[in-house]
Q: 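Got a structure for you, written out below as structure tokens; questions coming shortly.
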2 protein chains.
Amino acid sequence: MRALAHPAHDEIELDAVLSALADPVRRRIVHQLATGHDDQACIAFDLPVTKSTSTHHFRVLREAGVIRQHYQGTAKLSTLRADDLETRFPGLLPAILTATAAEKADLEKAGTEKIGTEKADL
Amino acid sequence: MRALAHPAHDEIELDAVLSALADPVRRRIVHQLATGHDDQACIAFDLPVTKSTSTHHFRVLREAGVIRQHYQGTAKLSTLRADDLETRFPGLLPAILTATAAEKADLEKAGTEKIGTEKADL
DNA sequence: ATGGTTGTACGACGGTTTTCGTACTACGGT
DNA sequence: ACCGTAGTACGAAAACCGTCGTACAACCAT
């Protein structure tokens with residue numbers, strides 16, 4: 001059994017959490033963990049990156065205290081630390097999940113409604 | 001009068017907002033804007049960085065849609081776009097502000113309670 | 001007009017992050 | 001014992017980010 005370091009619930013730092021969640025790939029992981037069932041293996045995530053990059057992202061999330069990971073055979077199962085996060089930073093995770101969903105819906109709507117229309121300026 | 005680009009309220013992107021708020025200096029700015037009065041000049045923020053770095057951070061916040069800025073003479077006044085953010089990503093800003101305050105209190109408590117005590121591991 | 005205040009532009013530097021590929025380990029099944 | 005699957009470690013490359021200093025622009029007061 002390989003050991004995995006996790007910060008205690010009161011050691012979770014806002015900086016680490018926000019940095020972790022600022023990345024779209026990692027937000028995608030978190031979103032899938034939130035909407036799907038618990039304990040999903042890394043392989044279950046269809047990420048647009050290679051295996052080693054994927055390992056990296058999961059590690060960042062774990063070390064930030066966003067997810068908990070444990071081995072089960074060769075598989076490494078991940079769970080959202082929703083309760084710990086809620087205790088430490090109330091409302092933060094739900095707000096980000098809502099925002100992620102909102103933006104996703106937004107992009108899909110834009111995609112179906114006005115195909116070929118571009119934003120002019122930044 | 002110099003013009004300043006701001007994203008429209010429905011152009012605010014989650015990625016930009018989270019990236020902007022992932023930086024402690026910028027979170028400090030936002031926190032001061034939230035707790036103090038509106039329309040504070042950059043100079044009113046006692047930031048641990050030089051002027052040019054400060055300019056940079058304000059620009060990042062503005063381009064992310066977190067703050068609104070306008071000139072008044074040589075001064076550049078900043079306001080939190082709390083309403084726009086609330087419309088776009090409900091609960092996000094309040095949660096981050098609460099979290100910022102929570103962590104700040106935490107650090108101060110740690111500082112007064114156990115001076116000289118260090119964290120052993122990461 | 002001259003000078004002071006407030007902020008910007010630009011280039012540079014150093015550190016971190018994201019990404020990859022390759023080689024490797026751990027475990028389960030047959 | 002062997003193979004396949006799941007994931008890690010490590011090193012490298014490229015991009016990005018935060019910081020600074022210097023030089024500059026805009027504006028106000030006198």
Side-chain angles (χ1 to χ4, degrees), chain A residues 1-6 13-30 32-33 36 38-79 122, chain B residues 1-6 13-33 36 38-64 66-79 122:
Chain A
M1 176 85 77
R2 288 153 282 180
L4 292 168
H6 294 81
E13 285 175 33
L14 181 58
D15 221 71
V17 173
L18 290 180
S19 299
L21 263 16
D23 185 281
V25 175
R26 290 194 289 262
R27 241 178 2 255
R28 187 158 153 176
I29 292 173
V30 168
Q32 180 166 338
L33 280 173
D38 277 4
D39 282 333
Q40 299 185 58
C42 296
I43 200 71
F45 295 79
D46 190 33
L47 302 174
V49 292
T50 62
K51 265 199 309 179
S52 49
T53 304
S54 176
T55 296
H56 164 69
H57 285 306
F58 277 95
R59 181 214 290 262
V60 171
L61 286 171
R62 189 188 72 239
E63 291 183 346
V66 178
I67 65 174
R68 192 176 290 283
Q69 294 186 293
H70 66 101
Y71 282 100
Q72 187 168 100
T74 64
K76 190 183 202 169
L77 305 182
S78 299
T79 325
L122 179 70
Chain B
M1 178 84 77
R2 288 154 281 180
L4 292 169
H6 293 81
E13 286 176 30
L14 180 58
D15 220 73
V17 173
L18 291 180
S19 298
L21 264 14
D23 185 279
V25 174
R26 291 193 289 261
R27 239 171 13 248
R28 187 159 153 175
I29 293 173
V30 169
H31 179 256
Q32 180 166 338
L33 281 173
D38 277 3
D39 282 334
Q40 300 184 59
C42 296
I43 201 70
F45 296 78
D46 188 32
L47 301 175
V49 293
T50 63
K51 264 197 311 179
S52 49
T53 304
S54 176
T55 296
H56 165 68
H57 286 307
F58 277 96
R59 181 215 290 264
V60 171
L61 286 171
R62 189 188 71 239
E63 291 183 346
V66 178
I67 65 175
R68 193 176 290 284
Q69 294 186 292
H70 65 103
Y71 282 100
Q72 187 167 104
T74 63
K76 190 182 202 170
L77 305 183
S78 300
T79 326
L122 179 72

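Here is how names work: the chains are called A, B, and so on, in the same order as the sequence lines, proteins then strands, and each is numbered from 1. These numbers come from the heavy atoms of this one structure, side chains and all, not from hydrogens, waters or symmetry mates.
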Q: Distance check, rounded to the nearest 0.5 Å: B/Arg62 atom CZ versus B/Leu4 atom CG?
A: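 If we round to the nearest 0.5 Å, B/Arg62:CZ and B/Leu4:CG are 4.5 Å apart.
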Q: Check the distance between D/dG7's P and A/Ile67's CD1 and give it to me in whole angstrom.
A: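 For the pair A/Ile67 CD1 and D/dG7 P, the rounded distance is 12 Å.
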Q: Can you tell me how far P of C/dG7 sits from CZ of B/Arg62, to the nearest Å?
A: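 For the pair B/Arg62 CZ and C/dG7 P, the rounded distance is 13 Å.
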Q: If you restrict it to nitrogen or oxygen atoms, what contacts under 3.5 Å exist between nucleotides 14-22 of chain D and the protein, and what is each distance?
A:
residue : atom : partner : partner atom : Å
D/dG18  : OP1  : B/Asp23 : OD2          : 3.3
D/dG18  : OP1  : B/Arg26 : NH2          : 3.0
D/dG18  : OP2  : B/Arg26 : NH1          : 3.4
D/dT19  : OP2  : B/His57 : NE2          : 2.4
D/dC20  : OP2  : B/Thr50 : N            : 2.8
D/dC20  : OP2  : B/Thr50 : OG1          : 3.4
D/dC20  : OP2  : B/Thr53 : OG1          : 3.2
D/dG21  : N7   : B/Ser52 : OG           : 3.3
D/dG21  : O6   : B/Ser52 : OG           : 2.9

Q: To check you understand the geometry: which heavy-atom pair defines the closest contact between A/Ser78 and A/Leu33, and what is its length?
A: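 Reported closest heavy-atom pair: O-CD2, 3.4 Å.
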Q: May I have the distance from A/Tyr71 (atom OH) to D/dA6 (atom P), rounded to whole angstrom?
A: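 One finds 14 Å between P of D/dA6 and OH of A/Tyr71, rounded.
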Q: B/Thr74: what forms a side-chain hydrogen bond (donor to acceptor under 3.5 Å, both in side chains) with it, not counting sequence neighbours?
A: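 Not a single residue meets the side-chain hydrogen bond (donor to acceptor under 3.5 Å, both in side chains) criterion with B/Thr74.
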Q: Please give me the minimum heavy-atom distance between A/Ala64 and A/Ala16, naming the atom from each residue.
A: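 Closest pair (atom of A/Ala64, atom of A/Ala16, distance): CB-O, 3.7 Å.
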Q: Measure the CG-CZ distance between A/Leu18 and B/Arg26 for me, rounded to the nearest 0.5 Å.
A: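 Between atom CG of A/Leu18 and atom CZ of B/Arg26 there are 11.5 Å.
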Q: Please state how far atom CG in A/Asp15 lies from atom P in C/dT16, giving the value in whole angstrom units.
A: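 In whole Å, C/dT16 P and A/Asp15 CG are 13 Å from each other.
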Q: Rounded to whole angstroms, how far apart are CD on A/Gln69 and P on D/dA6?
A: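 After rounding, the gap between these two atoms is 16 Å.
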Q: How close or far is atom P of D/dA6 from atom CZ of A/Phe45, stated in whole angstroms?
A: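 Taking CZ of A/Phe45 and P of D/dA6, I get 14 Å after rounding.
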Q: A/Arg27 CZ to C/dT18 P: how many Å, rounded?
A: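 Rounded to the whole Å, the gap is 12 Å.
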Q: Between A/Arg59 (CZ) and C/dT17 (C1'), how many Å, whole number?
A: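 These atoms are roughly 13 Å apart.
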Q: Of all the heavy-atom pairs spanning A/Ile67 and A/His6, show the shortest one and how long it is.
A: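 A/Ile67 and A/His6 have their closest heavy atoms at O-CD2, 3.7 Å.
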